Asks: 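Pasting a structure below so you can have a look.
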Amino acid sequence: QVQLVESGGGSGQAAGSLRLSCVASGRSFSPYGMGWFRQAPGKQRECVAAINWSGSFTAYGESVRGRFTISRDNAKNILNLQINSLKPEDTAVYYCATHESLMGFTTEALYPYWGQGTQVTVSS
């Protein structure tokens with residue numbers, strides 16, 4: 001059974017930085033692509049970043065491109081999301097997710113495995 005546990009959320013100020021991590025267990029980590037999603041109050045969940053199995057391919061949502069960086073450490077089974085230049089509109093619950101392919105998908109429907117989420121709150 002795939003388990004994903006996010007950490008690193010919390011409160012930050014605009015222009016600051018946060019780093020989210022996701023530890024995966026229950027199956028081999030490296031052969032699968034992964035993604036970070038977020039859901040703000042009253043909004044649909046959106047993909048902010050995705051990465052393929054090796055880390056050689058990454059994709060970002062338009063609203064976060066240039067500020068967010070997704071990375072993975074296959075030796076430690078950890079997925080990271082570095083968030084820089086925080087904005088109040090980054091306030092959301094952030095989810096780590098994975099699927100059954102090598103690729104870095106940004107389509108939510110392709111992800112069957114999800115973590116519980118971690119709250120990020122940004123004040124102006």
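Just so it is clear, the structure is predicted and the values come from calculations on it, not from any experiment.
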Asks: Considering non-hydrogen atoms only, spot the tightest contact between A50 and T106 and give its length.
Replies: CB-CG2, 4.0 Å
Asks: Check for me, please, whether I83 and V93 land in the same ILVMFWY cluster - side-chain distances under 4.5 Å, paths through other members count.
Replies: no
Asks: Please find the pair of heavy atoms, one from S85 and one from S17, that lie closest to each other, and give the distance.
Replies: N-OG, 4.4 Å
Asks: Got a donor-acceptor contact below 3.5 angstrom from the S101 side chain to the M103 backbone?
Replies: yes
Asks: V120 and L18: which non-hydrogen atoms are nearest, and at how many Å?
Replies: CG1-CD1, 3.7 Å
Asks: For E89, look at atom CD and say whether over 12 heavy atoms of other residues, nucleotides or ligands are found less than 6.0 Å away.
Replies: yes
Asks: So, taking the atom named OG in S124 and the one named CG in L86, what distance separates them when rounded to the nearest 0.5 Å?
Replies: 12.0 Å
Asks: I need the S28 OG to N77 CG distance, nearest 0.5 Å.
Replies: 8.0 Å
Asks: With clusters defined by side-chain heavy atoms of hydrophobic residues (ILVMFWY) lying less than 4.5 Å apart, directly or transitively, does L20 cluster with L4?
Replies: yes
Asks: Linking I/L/V/M/F/W/Y whenever their side-chain heavy atoms sit closer than 4.5 Å, directly or via other members, would I51 and Y113 fall into one cluster?
Replies: yes
Asks: Which of these passes side chain to side chain contact (heavy atoms under 4.5 Å, CB included) with C96: V5, L79, V23?
Replies: L79
Asks: Apply side-chain contact (heavy atoms from CB on, under 4.5 Å) to the pair R45 and W114, showing each step before the final yes or no.
Replies: CA-CA 12 Å; R45 189 156 55 185; W114 294 82; 3.7 Å; yes
Asks: I'd like to know if the side chain of Y60 and the backbone of I70 have a donor-acceptor N/O pair within less than 3.5 Å.
Replies: yes
Asks: With under 30° as parallel and over 60° as perpendicular, where do the rings of F105 and H99 fit, or are they tilted in between?
Replies: tilted
Asks: Under 6.0 Å from the six-membered ring centre of W53 and within 45° of its axis: does the NZ or CZ of R72 meet both?
Replies: no
Asks: Are the side chain of Q3 and the backbone N or O of S25 linked by a donor-acceptor pair below 3.5 Å?
Replies: no
Asks: Taking the side chain as every heavy atom from C-beta outward, state whether V48 and L81 have any pair of such atoms under 4.5 Å apart.
Replies: yes
Asks: Quick check: does any side chain N or O of R19 sit under 3.5 Å from a backbone N or O of Q82, one acting as donor and the other as acceptor?
Replies: no
Asks: Under 6.0 Å from the CD atom of Q39, do we count more than 12 heavy atoms belonging to anything else shown?
Replies: yes
Asks: Show me the donor-acceptor pairs, under 3.5 Å and distance only, between side chains in residues 29-38 and residues at least two apart or in other chains.
Replies:
from : atom 1 : to  : atom 2 : distance (Å)
W36  : NE1    : N80 : O      : 3.2
R38  : NE     : E46 : OE2    : 2.7
R38  : NH1    : D90 : OD1    : 2.9
R38  : NH1    : Y94 : OH     : 3.0
R38  : NH2    : E46 : OE2    : 3.2
R38  : NH2    : S63 : OG     : 3.3

Asks: May I ask you to say whether R27 pairs ionically with E100, meaning some side-chain N is under 4.0 Å from a carboxylate O?
Replies: yes
